[in-house]
Amino acid sequence: MEPLLGVLALAALLSPGLACPSPCSCSTKKNGRLLAECAYRELRDVPRGLSPNVTILTLSANRLGRLGRASLAEVPELQSLWLGYNHISAVEPGTFAALPHLRNLDLSHNRLAEFPWQDLRNLSALQILKLSNNRLAALPGGALAGLRELRSLWLNDNELTTLARGSFQALPALAQLQLFHNPFNCSCKLSWLGEWADSASVVISRPGSTLCAAPPRLRGRAVTDLPGSLCVAPSAQLTYLSSPARAGPGGGPTLSLHCSAAGSPPPEIRWRIRTAAGSLDIPGPAAEAGGRRFLAFKNGTMAIPDFGKGDEGTYTCVAVNDVGARDVSVSVALAGSEPPPPEELPRDDPQAGQPSCARDERPDPAAVGEKLLIVYHVPRRVRSAAPAREFRPGVLLLFLLGLFW
Ligand SMILES: *[C@@H]1O[C@H](CO)[C@@H](O)[C@H](O)[C@H]1NC(C)=O
Ligand SMILES: *[C@@H]1O[C@H](CO)[C@@H](O)[C@H](O)[C@H]1NC(C)=O
Ligand SMILES: *[C@@H]1O[C@H](CO)[C@@H](O)[C@H](O)[C@H]1NC(C)=O
Ligand SMILES: *[C@@H]1O[C@H](CO)[C@@H](O)[C@H](O)[C@H]1NC(C)=O
C-alpha cells in the first residue's frame with residue numbers, strides 16, 4: 001500500500017493543478033472551472049492540499065466545527081463555497097476576507113451565533129449569502145453595505161429580534177430576502193421594515209411567516225404589517241434663554257440652550273458639541289462625558305456656565321427614538337467685550353430677572369440650517385454707563401442675528 005501512496009503523493013506534487021485531497025473528488029467543469037467535491041465525508045476540518053485553482057468547493061454535510069483564518073488560504077480563487085449542514089459555531093475574522101472572488105457563500109444549517117461581518121467588505125462580488133438556520137441574534141447596521149451584487153440573502157430561522165434601520169439599503173441588486181422564523185420584537189425600531197418592503201423591489205419570501213414574537217399584543221402579526229400610528233419619528237427645536245440669565249461662578253455669562261423634541265415613543269436628547277478644541281458627545285442628561293463644563297438636564301436644557309471664547313462652536317441637539325433621529329444645530333460665538341450696537345439689541349429683552357424662551361418662529365429650524373447665536377459678555381465698565389436695569393455684571397444677552405447659511 002505504501003508505495004502506491006508515495007506515487008500518489010508524487011503525482012500530486014508534480015501536477016499541483018490537479019491536486020485533490022483524498023477525501024474529495026475533483027473535476028474540471030466545461031467552463032474550465034475546477035470543482036472540488038468534499039461533501040458528505042464526515043470531515044472535521046477543511047482538507048489540505050487543494051489546488052489553488054479550485055473555484056467551487058463543496059463541504060456541505062460534514063462535521064466542521066470551526067473555521068480558522070488559514071482554513072481556506074489554499075483556495076484564493078474560490079467563487080462558490082458550500083458549507084451548509086455542518087456544526088460550525090465559529091468563524092475566525094479574516095477567513096472569508098481572503099476570498100475576494102466569492103459569489104456564493106452557503107453557511108446555512110450551522111450553529112453560528114456570530115459571524116465575521118467585517119469580512120463582507122472584501123466580498124464585493126458576493127451574489128448569494130445563505131446564513132439561514134443558525135443562531136444569529138443580530139445583524140449589525142451597515143454589515144451588508146457595499147455588497148452591490150448581492151441578489152439573495154437568507155437570514156431565516158435565526159434568533160433575530162430586530163434589524164437596524166437601513167440594513168438592506170445599500171444593496172441595489174437584492175431581489176430575494178428571507179427573514180421568516182425569527183423571534184422579531186415589533187417595537188418601533190422595526191417599523192421601517194414594512195415601509196421599506198413596500199417601496200423596495202425586493203421580494204420578502206413568506207411574509208406570512210415573518211412574524212412578531214413580541215410585544216404580546218402584536219404576537220403573531222406580520223412584521224411588515226404593523227400599525228404605523230404608534231411610531232412617529234422625532235422632531236426637534238432649539239431655543240435659548242434670551243434674557244439676562246444667571247451669571248456663572250466665575251462671573252461670565254451662562255449660555256442656556258433648550259431642545260424640545262416630540263415623537264413617539266418620546267425621544268431621548270443627546271448633545272454634540274464641536275469647538276476648536278475638538279468634539280464632545282453628551283449621550284444623555286447628567287452624563288459623565290459632559291463633565292462639569294456642560295450641564296445637560298433631563299428637561300432638554302443644556303447650560304454652559306462662564307461661557308468663554310473656548311466654548312465657541314456648534315451645539316447640536318440630537319433627538320432619538322426607536323423610529324429615527326433628528327438633529328438641530330446652532331453656532332455660538334462670543335462677541336468681544338464691546339457691547340452690541342444699540343440698534344441691534346434684542347428688543348424683547350430688558351425684563352431683567354424674567355428669563356423667557358425666545359422661540360424661533362420658523363416651523364422647521366432644522367430644515368433651514370444652522371443659526372448664529374452670539375453671546376455678549378457685557379463688561380462692568382459698560383454697565384455703569386448704561387441704564388442700570390438692563391446691564392448688570394455678567395449679564396448675558398443672547399442675540400439671534402438671523403443669519404442662515
Ligand atoms: C491554474 O490555472 C492557470 C490557468 O488556467 C494555469 O496556468 C496554472 O498552471 C494553474 N495553476 C495550478 C497550480 O494548477
Ligand atoms: C480586505 O480588503 C482590504 C481593503 O481593500 C485589504 O486591505 C485587505 O488586505 C483585504 N483582506 C484580505 C484578507 O485580503
Ligand atoms: C422590545 O423592544 C423594546 C423597545 O426597544 C424593549 O423595550 C423591549 O424590552 C423589547 N422586548 C423584548 C421581549 O425583547
Ligand atoms: C430645565 O431644568 C433646569 C435644572 O433643573 C432648569 O434650570 C431649567 O430652567 C429648566 N429648563 C426649562 C426650559 O424648564
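Ligands are counted one by one from 1 in listed order, and the atoms in each one are counted from 1 as well. Because the structure is predicted, anything quoted here is derived from the model rather than measured.
Enumerated by chain and number, the residues approaching ligand 2 to less than 4.0 Å through a heavy atom are Ala97, Ala98, Asn122.
For residues 185-213, no pair satisfies salt bridge (Lys or Arg N to Asp or Glu O under 4.0 Å), with sequence neighbours left out.
When non-hydrogen atoms are compared, ligand 3 lies under 4.0 Å from neither the backbone nor the side chain of Thr161.
Heavy-atom contacts of Asp322 reach the following atoms of ligand 3: 4 (C), 5 (O) (cutoff under 4.0 Å). Below 4.0 Å from some heavy atom of Thr301 lie the following atoms of ligand 4, by number and element: 1 (C), 10 (C), 11 (N), 12 (C), 13 (C).
Looking at Thr210, Leu218, Thr162 one by one, the single match for side chain to side chain contact (heavy atoms under 4.5 Å, CB included) with Phe184 turns out to be Thr210.
Here the CG atom belonging to Leu57 is positioned 7.0 Å from the SG atom belonging to Cys24, to the nearest 0.5 angstrom.
Not counting sequence neighbours, the partners of Ala61 by the side-chain contact (heavy atoms from CB on, under 4.5 Å) test are Tyr40, Tyr85.
Here the side chain of Asn134 pairs a donor or acceptor atom with the backbone of Leu112 at under 3.5 angstrom.
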Name each donor-acceptor pair under 3.5 Å that joins a side chain in residues 62-79 to protein atoms two or more places apart or in another chain, with its distance.
residue, atom, partner, partner atom, Å
Asn62, OD1, Arg41, N, 2.8
Asn62, OD1, Glu42, N, 2.9
Asn62, OD1, Leu43, N, 2.9
Asn62, ND2, Cys38, O, 2.9
Asn62, ND2, Leu59, O, 2.9
Asn62, ND2, Ser60, O, 3.3
Arg63, NH2, Glu42, OE1, 3.2
Arg69, NH1, Pro93, O, 3.0
Ser71, OG, Gly68, O, 2.6
Glu74, OE1, Gly49, N, 2.9
Glu74, OE1, Leu50, N, 3.1
Glu74, OE2, Gly49, N, 3.2
Gln79, OE1, Arg33, NH1, 2.6

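Ring geometry for Trp196 against Phe168 counts as tilted: the plane angle lies between 30° and 60°, on a 0 to 90° scale.
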